[in-house]
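One structure below.
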Amino acid sequence: MAEEPVIYTTEGAATGPLLVIHGGAGKRRHPYPEERDEQARAAIRRALDAGMAVLDAGGAAVDAVVAAVHVMEDDPTFNAGRGAALTSEGRVELDACLVRGDGSTGAVTGVTTVRNPIDAARAVMDETRHVLFADPRKAQLDEWGVEQVENDYFVTQRRLDQLHELQSLPDGGYDRPGHGTIGVVARDATGAICAGTSTGGVSNQMPGRVGDSPICGAGTYANQATVAVSCTGTGETFIREVAGYQVHARVLWAGQTPGEAVARVLAAVEDRGGDGGIICVPAHGEGVVGRNACAQMDWGYAFGDTRVTHS
Ligand code: ASP
């Protein structure tokens with residue numbers, strides 16, 4: 001029988017601007033050195049500051065999410081943007097999704113040259129009538145003004161070493177998600193909420209594999225009636241559980257608190273053999289961070305002058 005998921009709640013942020021960030025959750029194949037965890041906390045702190053600068057200036061939740069995601073994507077500590085997990089071919093294929101509480105959605109999957117995939121997701125949201133693009137053409141990305149780089153920019157020695165280690169194992173290490181997907185959820189001064197997630201997927205994944213992160217309702221979801229949600233972990237199980245939408249549905253129709261809803265969804269994910277974590281910010285009330293008891297998680301939250309980070 002799986003242990004109860006672990007739930008943390010922000011304290012003192014029931015109303016007003018609030019930002020919650022995760023830097024990935026899952027079982028770790030090796031314990032991380034303390035130095036790595038310090039880097040993760042420092043990066044989350046910088047991302048919290050970047051997002052709060054937007055919210056403190058009266059900016060929109062969506063802009064705060066994008067600002068914070070940028071910091072996390074640029075930091076090689078995490079499995080998003082530079083430093084992302086590698087496919088079995090040693091390349092990077094990136095996914096990102098942005099969902100606002102009013103239903104506006106933009107997502108990309110399998111992008112290989114977009115420096116900050118969240119910018120491409122934002123362009124899909126703002127510039128098109130569509131929701132999800134698979135590997136948009138270079139000319140299209142140029143037209144959207146999205147910065148592009150060579151695929152080599154994303155590849156780090158740490159990820160190459162990890163890939164070689166996984167490929168030497170009989171199962172390809174596939175039961176261990178490439179820890180470090182990032183996600184941000186925010187509420188602004190008007191009460192509007194937004195969620196964003198960015199990832200390189202799972203280390204040693206088959207080229208073309210898509211996880212939960214870019215799928216609205218699975219790894220990323222927001223609904224102004226309830227919550228904004230970003231997930232991390234074994235993507236296949238989060239898709240099968242329609243995890244983000246399920247948190248919303250439990251709050252809306254089952255009358256559960258966001259903390260209860262997150263715990264029940266994580267339990268359902270574990271029942272399917274997955275693990276990971278979920279962050280959520282409700283339109284009204286305290287933010288929530290949850291993880292399976294077997295998983296480690298990097299996370300943080302900010303409101304007013306308060307900054308909390310954990311790894
Ligand atoms: N959920 C991501 C995916 O399956 C991986 C992760 O969060 O570590 O692509």
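Worth knowing before you read on, the calculation uses all heavy atoms, side chains too, and leaves out hydrogens, waters and symmetry mates. Counting starts at 1 for both ligands and their atoms, in listed order. Just so it is clear, the structure is predicted and the values come from calculations on it, not from any experiment.
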Give the ring-plane orientation class for Trp253 versus Tyr245, where under 30° counts as parallel, over 60° as perpendicular and anything between as tilted.
->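 Aromatic pair Trp253/Tyr245 classed tilted.
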Val202 N/O under 3.5 Å from ligand 1 N/O | no
Answer yes or no: does an N/O atom from Asn79 fall short of 3.5 Å to an N/O atom of ligand 1?
->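 Between Asn79 and ligand 1, no N or O pair is found under 3.5 Å apart.
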Hey, which atoms in ligand 1 end up nearer than 4.0 Å to a heavy atom of [X]?
X	value
Asp212	1 (N), 2 (C), 3 (C), 4 (O)
Gly211	4 (O), 9 (O)
Thr232	6 (C), 7 (O), 8 (O)
Gly201	5 (C), 9 (O)
Thr181	2 (C), 5 (C), 6 (C), 7 (O), 8 (O)

What do we get for Arg209 next to ligand 1 when only non-hydrogen atoms under 4.0 Å count, side chain, backbone, both or neither?
->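 Side chain only; the backbone of Arg209 stays clear of ligand 1.
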Is Glu150 atom CD crowded by more than 12 heavy atoms from other residues, nucleotides or ligands, each under 6.0 Å away?
-> no
Does Glu11 CD have over 12 foreign heavy atoms under 6.0 Å away?
-> no
Asn116 versus Glu147, side-chain donor and acceptor atoms under 3.5 Å | no
Expected output: side-chain Gln246 to main-chain Glu241 donor-acceptor under 3.5 Å = yes
Looking only at heavy atoms, what is the nearest atom pair of Val269 and Phe238, with distance?
->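 Heavy-atom minimum between the residues: CG1-CE1, 3.8 Å.
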Ligand 1 contact by Gly233, heavy-atom criterion under 4.0 angstrom = yes
Do His310 and Trp299 have ring centres separated by under 6.0 Å?
-> yes
